[in-house]
Every structure is written in structure tokens, then in C-alpha cells.
There are 2 protein chains.
Amino acid sequence: MKVSVLFSSGKDSSLSALILDRLGYKVELVTVNFGLLDTYKFAEETAEILGFDFRVKKLDSEILEKALEILIKKGYPNDAINYLHRVSVEEVAKEAESEAVADGTRRDDRVPMLKLSEIRSIEDRYNVEYIAPLWGFGHRTIKRFVERFFIVEIDESDKVKKADYEAELRELLRRRGYNVYNYFPKEHMQSRVIGIKH
Amino acid sequence: MKVSVLFSSGKDSSLSALILDRLGYKVELVTVNFGLLDTYKFAEETAEILGFDFRVKKLDSEILEKALEILIKKGYPNDAINYLHRVSVEEVAKEAESEAVADGTRRDDRVPMLKLSEIRSIEDRYNVEYIAPLWGFGHRTIKRFVERFFIVEIDESDKVKKADYEAELRELLRRRGYNVYNYFPKEHMQSRVIGIKH
């Protein structure tokens, strides 16, 4: 069975893909892009290192505009990131050939995180299975898995070349003349998988 | 790394064990018993079929008495089963050699189900990792896995030879002269793994 894993090149979505591969799924990594930055190139590099199929899913920039609206209204990124995540899952789920959609959200995460009611709605509407392999694991267990399997590059958000929702949302905020650090925490560490341990 | 999987011989705890095995854990199946029934023998049979280490964890019958009290007070089994489950996880977690404790609870389950606050408390107090591999999967995904991997015997609760908490709790209720069907639904289907597909 094929599973489309929403992929940022970070350790969580990489681990999620690796687990599904071990459970017998045919894994395809999907990186969402709104046309502002070409960060999906970094995801493509990591996908190659991991050895999984990869594609970019272009989404309408209006979705990112809506997320910006939410961000400015709320003053902090949680709801905006959750919105981008939910829409991304839905857009992949509604593709005709989708059987299963997965992501790298974790038990101990707050953002992004789908509600159970949102998951059931997506599963029912698009006749698709949603899978979050890391929901079963705490942060210590995940840390151990990541150390076992991956070589990870860790740095501050602005420096790491990672294809997550945040990168393009921050970029749009910047282009509109806002101070990014009024909306995003300054010392937010990001990670990207740059190697695999066999 | 070793993981102790709370094991009833049912499809969920069997699948949980199989997933952890595929992720590289050394799996040990642990069946809890309160000394009322020897249903752990059925769990031992299934453990042998699955090819994992197995042991019985004897727990004080006072715990079962407490569960009976909760059951009678509430009038339905949810809180009593949750109590038995939480205590069982804790008792395995507090063993000196425990590194990780797992169970077969699922994303779409209501009972038994640990709260996130309970999990974090157990992880912190006993310096152990709690893992619920099936939290990441919906019922359709789990059904597909079960069909792929196991041969399952399905029947009504009273007939299936399964080592779950319910069996001994129902037995204690019966011995105390209560009508079991005033507390448990009559048509509750139970399942037990009796074969593995390679």
C-alpha cells in the first residue's frame, strides 16, 4: 500500500517515513510549496539520502495569505501553522490516487496537530487513511530513534535549509514589512536530516 | 532496547508487539493476572505462536477488588477497566529492569486509555518510556494490518479464551453474586490471535 508522507526534511517527518517503510508501506515523500521560496530543493536532497520517492505539491498562495491573516490576528504562529498543516493534509488526501496520508506530528507536540474530529472528517470525506506514526511515542523515545537512524543538522530557524510551513510563512511576513520576531520566537531550533545511519 | 508489552492475546496487543519488533525492539510480552482465572495460559499459547518471550505478572487481588468497587459504583465498566490498565502499566513500569512499557491501545479507543498527564507522570516517576504504537493508526488501518498478519478467532466475551482485564473482573462480579449483564454489554465481540501469516 502506498502512503504519502508530508515531508519537511526534518527529523520527525523523516522518522515517520522510515517507520512506515519498515511496516511494509510504499513511501512517497510530499513537500508542500506555496511558490514563495524554493526550500523544497532541500527536501528533495534529504529524500534522496533517505532513498524514498519524492514530489512537490504546489498549493495556491491564497492559502498562505489566509495563514498570514490568522498569524497577524492571533499574534503568534500556532493557529496559522495548524491551518497550513490541515489544508496540506486535505490537499494530499483529496488526490484521486491517495490511499493513505501521513505526517510527522508527535504525541508531545502542540503544533502542528490535527484534532481527532478533523482527522475523522478527512478520512471520511476523502476515503483515505490518515496515519501519524509518531503519536505513539514520547520525546525521549523519538530522540533515541533519531540518534539511531539519522545524522541531523541543527540550527536556528533562519539558517537551516528546511522545507517546513514556517519558512514560507516567515518569508511572506517579511515581504509585507512585518518584524518576524514579533510573531515567531527568536531562539527556535530547527533540524534537518542530512544523513542516514545503516 | 527491551520493551515489555502488556499482552492479552488479542489482536491489538499482538499488533503492537509486532510493530515494535519491526522497529528493532527486543519484545517481551507481559500478561497481568490477579489469581482468579488462569486465562494467562491462552496468552502464553498466542505468545508462542507470535514467537516472543512471555511472562505472567501476578498482581495483588486487592487491585481487582478496587476495580470491582469502581465498577459497581459507576454501573458501567469504563473507569474500572481504565483503572486496571493504569495500575498494570505502572506495575510493569516500576520494575527495576524496565526500559520501555507498551500496550495495544488505539487512536479510536475510549477504553482502556491513559491520559497524557498519566503517561508523563509514569514516565517521569519510573524513568521509563511508555509506547502506544497503535495511537498513530485509525481503525481501518489497524484492520488492514490485522488481516495482513494474523489469524483471529472472534466470538462473544464469555466464550473467547482471552487474557484481558475484563475476564477476571467479570468473574469476580459473578462470584459476588452480581448479574454480569447489568454491568457489561451482552453482545461484546472479543478477539484472540490464533495464528500468524508469514
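In what follows, chains carry the letters A, B, and so on, assigned in the order in which the sequence lines appear, proteins first and then strands, with residues in each chain numbered from 1.
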task = Using heavy atoms and a sub-4.5 Å threshold, report which of residues 89-113 of chain A line up against chain B, by residue number.
result = A:Arg107, A:Asp108
note = Honestly, the part of B:Val128 sitting under 4.5 Å from a heavy atom of chain A is backbone
task = Sort A:Ile119 into side chain, backbone, both or neither according to what part of it lies under 4.5 angstrom from a heavy atom of chain B.
result = side chain
request  = Could you grab the distance from atom CH2 of A:Trp135 to atom CG of B:Leu134, nearest 0.5 Å is fine?
outcome  = 13.5 Å
Residues 34-41 of chain B side chain polar contacts: donor-acceptor under 3.5 Å, at least two apart:
| residue | atom | partner | partner atom | Å |
| --- | --- | --- | --- | --- |
| B:Asp38 | OD2 | B:Lys41 | NZ | 3.1 |

message = According to a hydrophobic-cluster definition based on side-chain heavy atoms being under 4.5 Å apart (Ile, Leu, Val, Met, Phe, Trp, Tyr only), do A:Ile154 and A:Ile196 belong together?
response = yes
key: Whether over 12 other heavy atoms sit under 6.0 Å from A:Lys73 NZ   = no
remark   = Output for pair (A:Glu129 CD, B:Arg140 CZ), nearest 0.5 Å, gives 5.0 Å
key: Joint hydrophobic cluster, B:Tyr76 plus B:Leu169, side-chain heavy atoms closer than 4.5 Å   = no
query = Should B:Val180 and B:Leu71 be counted in the same cluster of Ile, Leu, Val, Met, Phe, Trp and Tyr side chains packed under 4.5 Å apart?
reply = yes
ask   = With the 4.5 Å side-chain cut-off for hydrophobic clustering, are B:Phe54 and B:Ile194 part of the same group?
value = no
query = Quick one: do A:Ile72 and A:Leu64 end up in the same hydrophobic cluster if we chain Ile, Leu, Val, Met, Phe, Trp and Tyr together by side-chain heavy atoms under 4.5 Å apart?
reply = yes
message = Just verifying a value: how many Å separate B:Leu23 CG and A:Thr141 OG1, rounded to the nearest 0.5 Å?
response = 11.0 Å
inquiry  = Which atoms of A:Leu116 are under 4.5 Å from chain B, going by heavy atoms: the side chain, the backbone, both sets, or neither?
reply    = side chain
query = Quick check: are there more than 12 heavy atoms from other residues, nucleotides or ligands sitting under 6.0 Å from NZ of A:Lys2?
reply = yes
task = Go through B:Met1, B:Glu123, B:Arg144 and name the one with the most non-hydrogen pairs under 4.5 angstrom from chain A.
result = B:Arg144
inquiry  = Quick check on B:Tyr183: does its OH atom have over 12 non-hydrogen neighbours (other residues, nucleotides or ligands) under 6.0 Å away?
reply    = yes
